[in-house]
Amino acid sequence: MFRHTLGSKEKVLGPDHPDTLTSVDSLAVVLRDLGRYDESETMFQRALESQEKVLGSDHPYTLISVNNLAFMLRDLGRYDESETMWRCALETRGSALGPEHYKVSKTLARLASLREKQKSSQAEVSYELAFKGSFNTLDGRHPTTWECIWRLKTYREKNSAIKRISFVQVSEVVNLINHRRSPSDCPTHFAGLRGCKGIGGMTLGK
């Protein structure tokens, strides 16, 4: 089905048309889910290279392909390559949308999860920055914000012996959300995030 659709679009629209490349990416996802990773990676690379050429590296379709390929590389244990892809997506989205946009926060959360698998000390900071962006753009009660809190809490529980480099206290965050307050109302816990360099060199807050 997917190959037939792709073949039809290649004939009618051409191999580099955006709709054709969307089908290339979709086929790559199907192949990944079937465990046919070599074929999947080839298709992802084709989609990504052509999308960067035709649409640009900051186009949403291009970034979807970056994200999909990063997920596959992570699942295959190719963490360094996956990190490179997500850092690319993070820097591109941060430049285009701003460091606290919800899409930037989602990418940060994925990068944090990867860093946790790598047992990197940067995982906690990445989770915090993901939470801060989500809180400021999606509201404290949004499911994405609560997921960031849950991931941060879970990470801390699993790594309770690790030296803290954290500025955010989960209990304080929950209290702020329940009272519909902003992190800016709690300077003691959040001041350390303002002006610091995030992943990709982005400056958080003002």
Flag, side chain of [X] to backbone of [Y], donor-acceptor distance under 3.5 Å:
X	Y	answer
Ser134	Thr145	yes
Thr137	His101	no
Thr62	Gly56	yes
Ser113	Ala109	no
Ser40	Arg36	no

Worksheet item: Given side chains that start at C-beta, do those of Arg156 and Leu152 come closer than 4.5 Å, heavy atoms only?
Response: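 A side-chain contact under 4.5 Å exists here.
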Worksheet item: Does the side chain of Glu147 come within less than 4.5 Å of Pro143's, by heavy atoms?
Response: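 No, every pair of side-chain atoms sits at 4.5 Å or beyond.
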Please give me the minimum heavy-atom distance between [X] and [Y], naming the atom from each residue.
X	Y	value
Thr20	Pro15	CG2-O, 3.6 Å
Tyr155	Ser120	OH-O, 3.8 Å
Leu63	Ala89	CD2-CA, 4.0 Å

Would you say [Y] ends up clustered with [X] if hydrophobic residues are merged whenever their side chains have heavy atoms under 4.5 Å apart, either directly or through other cluster members?
X	Y	value
Tyr37	Val29	yes
Leu108	Val66	no
Leu34	Leu6	yes
Ile64	Phe44	no
Trp86	Val104	yes

Calculate, to the nearest 0.5 Å, the distance between atoms [atom1] and [atom2] belonging to [X] and [Y] respectively.
X	Y	atom1	atom2	answer
Ser57	Glu91	OG	CD	11.0 Å
Trp146	Leu138	CH2	CG	14.0 Å
Ser65	His59	OG	NE2	11.0 Å
Leu97	Ser105	CG	OG	10.5 Å
Arg115	Glu83	CZ	CD	4.5 Å
Thr22	Gln51	OG1	CD	6.5 Å

Presence of salt bridge, [Y] and [X], under 4.0 angstrom:
X	Y	result
Glu49	Lys53	no
Lys132	Glu128	no
Lys158	Glu116	yes

Practice prompt. Taking the six-membered ring for Trp and the single ring otherwise, decide whether the centroids of Phe131 and Trp150 are under 6.0 Å apart.
Written response: no
Practice prompt. Run the numbers on Lys106 and Arg93 for side chain to side chain contact (heavy atoms under 4.5 Å, CB included), then give the verdict.
Written response: CA-CA 11 Å; Lys106 285 187 174 182; Arg93 281 179 168 154; over 6 Å; no
Practice prompt. Start with the C-alpha gap between Asp80 and Gln118, add the side-chain angles, then the distance that decides, and say whether side chain to side chain contact (heavy atoms under 4.5 Å, CB included) holds.
Written response: CA-CA 9 Å; Asp80 289 345; Gln118 294 172 302; 3.5 Å; yes
Item to complete: State whether the number of non-hydrogen atoms from other residues, nucleotides or ligands found under 6.0 Å of Phe71 atom CZ is greater than 12.
Response: yes
Worksheet entry | Single hit among Leu111, Asn68, Leu48, Leu90 for side-chain contact (heavy atoms from CB on, under 4.5 Å) with Met85 |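 It is Leu48, the one option of Leu111, Asn68, Leu48, Leu90 that forms the side-chain contact (heavy atoms from CB on, under 4.5 Å) with Met85.
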Discussion item. Determine whether Arg110 and Arg74 satisfy the following criterion, side chain to side chain contact (heavy atoms under 4.5 Å, CB included), listing intermediate values before the conclusion.
Written reply: CA-CA 10 Å; Arg110 289 162 182 158; Arg74 182 203 65 182; over 6 Å; no
Worksheet entry | Residue pair Gln122, Val125: steps toward the side chain to side chain contact (heavy atoms under 4.5 Å, CB included) verdict | CA-CA 5 Å; Gln122 289 296 309; Val125 172; 4.3 Å; yes
